[in-house]
Amino acid sequence: MNLAMQSATAVSTPWPTTLGGVTIQVTDSASVPRAAGLLFVSPTQINFEIPAGTAQGAALVLINNGVSQTSATVQIQPVAPGLFAINNLGVAAATGIRIVIPTNFQSAVTVFQCVDTPGSCRLVPIDPGVDAPVYLSFYGTGISGRSSLSNVSVTIGGMSFPATYAGPQPQFPGVDQVNVPLSLSLRGTGVVNVTVTVDGVTSNPVKIDVM
């Protein structure tokens, strides 16, 4: 199946509604069609943003690559949490910040490292710190429709923690962000799964490494 005749990536926001010769129309359960913003297109994968205002229920997604059309039905619901992974090894698409308590100095914490391609990405062990706690941000989608922040929790290595933020990522439309402090109780757990539960719906797992 050729979803697109070429590969292309959007370079600015708002996401374009035509990319690499591809357009997508989303017709919602109220029979209202809307053009979708496109982040990435390729012959085997397309990343797009569900248009704002799309009604809940079954929606028809029509993909036009300039040569042929492909359609699929998707369910639109308030939340559908999904966490982004760097590769098929489940390496979390996450960032971290360490804050030194006495000085409030902040520094970046490396969660993963890549040599060149996504397949080369590997986890970097994270030191939870004692007087320099680490705060992690995980990126995904289907999260910002939460009913309240208190209904968002992050499970790391089988232990559940409340999120300090769960909502839109400020730079990229359609991308959500969840922030959580890395608890000292996780020290020494090694490679662990991370999931986010939003209004009772749990995401796919991704992985981090805790020293």
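Residue numbers count from 1 along this sequence.
Arg34 pairs by the salt bridge (Lys or Arg N to Asp or Glu O under 4.0 Å) definition with Asp28, not counting sequence neighbours. Applying the side chain to side chain donor-acceptor pair (under 3.5 Å) criterion to Thr195, with sequence neighbours excluded, gives no partner residue. Under the rule for a side chain to side chain donor-acceptor pair (under 3.5 Å), the partners of Ser185 that lie at least two apart in sequence or sit in another chain are Ser183. Asn87 is linked by a side chain to side chain donor-acceptor pair (under 3.5 Å) to nothing, counting only residues two or more places apart in sequence or in another chain. Taking the salt bridge (Lys or Arg N to Asp or Glu O under 4.0 Å) definition, one finds that Arg122 meets it with nothing, sequence neighbours left out. Under the salt bridge (Lys or Arg N to Asp or Glu O under 4.0 Å) criterion, Asp127 pairs with Arg187, sequence neighbours left out.
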Determine, stepwise, if the pair Asp131 / Val100 fulfils side-chain contact (heavy atoms from CB on, under 4.5 Å).
CA-CA 6 Å; Asp131 56 357; Val100 179; 5.8 Å; no
Any chance you could lay out the side-chain contact (heavy atoms from CB on, under 4.5 Å) test for Thr44 and Leu3, step after step, and finish with the verdict?
CA-CA 6 Å; Thr44 60; Leu3 296 175; 5.7 Å; no
Audit row: Phe48, Val41, side-chain contact (heavy atoms from CB on, under 4.5 Å) steps and yes/no
CA-CA 9 Å; Phe48 67 97; Val41 301; over 6 Å; no
Show, in sequence, the C-alpha distance, side-chain angles and deciding distance for Lys207 and Val194, and conclude whether the side-chain contact (heavy atoms from CB on, under 4.5 Å) test is met.
CA-CA 6 Å; Lys207 298 181 184 299; Val194 179; over 6 Å; no
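Taking CG of Asn65 as the reference point, atom CD1 of Ile24 lies at 10.5 Å (rounded to 0.5 Å). Atom OG1 of Thr9 and atom CG of Leu39 lie 9.0 Å apart (nearest 0.5 Å). One finds the CD1 atom of Ile63 at 10.0 Å from the CD atom of Gln69 (value rounded to the nearest 0.5 Å). With values rounded to the nearest 0.5 angstrom, Asn64 atom CG is found 4.5 Å from Thr23 atom OG1. Separating the CG atom in Leu38 from the OG1 atom in Thr18 is a distance of 7.0 Å, to the nearest 0.5 Å.
Contacts classified as side chain to side chain donor-acceptor pair (under 3.5 Å) and involving residues 47-59 (residues at least two apart or in different chains) are given here: Gln45-Asn47. Applying the salt bridge (Lys or Arg N to Asp or Glu O under 4.0 Å) rule to pairs touching residues 60-89 yields nothing, sequence neighbours excluded. Residues in residues 144-166 take part in no salt bridge (Lys or Arg N to Asp or Glu O under 4.0 Å) pair, two or more places apart or across chains. Sorted pairs that involve residues 150-211 and meet disulfide (SG to SG under 2.5 Å), not counting sequence neighbours, are lacking altogether.
The two atoms that bring Val91 and Cys121 nearest to each other are CG2-O, 3.9 Å, heavy atoms only. Smallest separation of non-hydrogen atoms from Ser147 and Asn151: OG-ND2, 2.8 Å. Ala59 and Ile76 make their closest contact through CB-CG1, 3.8 Å (heavy atoms, listed as atom of the first residue, atom of the second, distance). The two atoms that bring Ile86 and Ala92 nearest to each other are CG1-O, 3.9 Å, heavy atoms only. Of all the heavy atoms in Ser144 and Asp176, the pair that sits closest is N-OD2, 3.0 Å. Listed here is the closest heavy atom pair of Ala166 and Ile143: CB-CG2, 4.1 Å.
Within the 3.5 Å criterion, the main-chain N or O of Leu83 finds a donor-acceptor partner in the side chain of Asn204. Distance alone, capped at 3.5 Å, places no donor-acceptor pair between the Arg98 side chain and the Val109 backbone. Counting only distance, with no hydrogens or angles, the side chain of Trp15 and the backbone of Ala10 share no donor-acceptor pair below 3.5 Å.
Looking at heavy atoms from C-beta onward, Leu186 lies out of side-chain contact with Pro128 at the 4.5 angstrom threshold. No side-chain heavy atom of Ser68 sits under 4.5 Å from any side-chain heavy atom of Asn2.
Both Val191 and Leu182 sit in one connected hydrophobic cluster of ILVMFWY residues. Membership requires side-chain heavy atoms under 4.5 Å apart, directly or through other members. Connection of Val111 to Leu89 is established within a shared hydrophobic cluster, with ILVMFWY side chains joined at heavy-atom distances below 4.5 Å, either directly or through further cluster members. Criterion: ILVMFWY side-chain heavy atoms under 4.5 Å apart, direct or through other members. Under it, Val175 and Tyr165 are not part of a common hydrophobic cluster. Cluster membership check: Ile99 does not share its hydrophobic cluster with Ile126, using side-chain heavy-atom separations under 4.5 Å among Ile, Leu, Val, Met, Phe, Trp and Tyr. Residue Phe84 is grouped with residue Phe172 when hydrophobic side chains (ILVMFWY) are merged at heavy-atom distances under 4.5 angstrom, including chains of intermediate members.
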Give the table of side-chain donor-acceptor pairs shorter than 3.5 Å for residues 133-140, with sequence neighbours excluded, one pair per line with atom names and distance.
{"residue": "Ser137", "atom": "OG", "partner": "Gln177", "partner atom": "NE2", "Å": "3.4"}
{"residue": "Ser137", "atom": "OG", "partner": "Asn179", "partner atom": "OD1", "Å": "2.7"}
{"residue": "Tyr139", "atom": "OH", "partner": "Thr95", "partner atom": "OG1", "Å": "2.8"}

Identify each donor-acceptor pair in which a side-chain atom of residues 153-163 lies under 3.5 Å from a protein atom, sequence neighbours left out, and give them as a table.
none

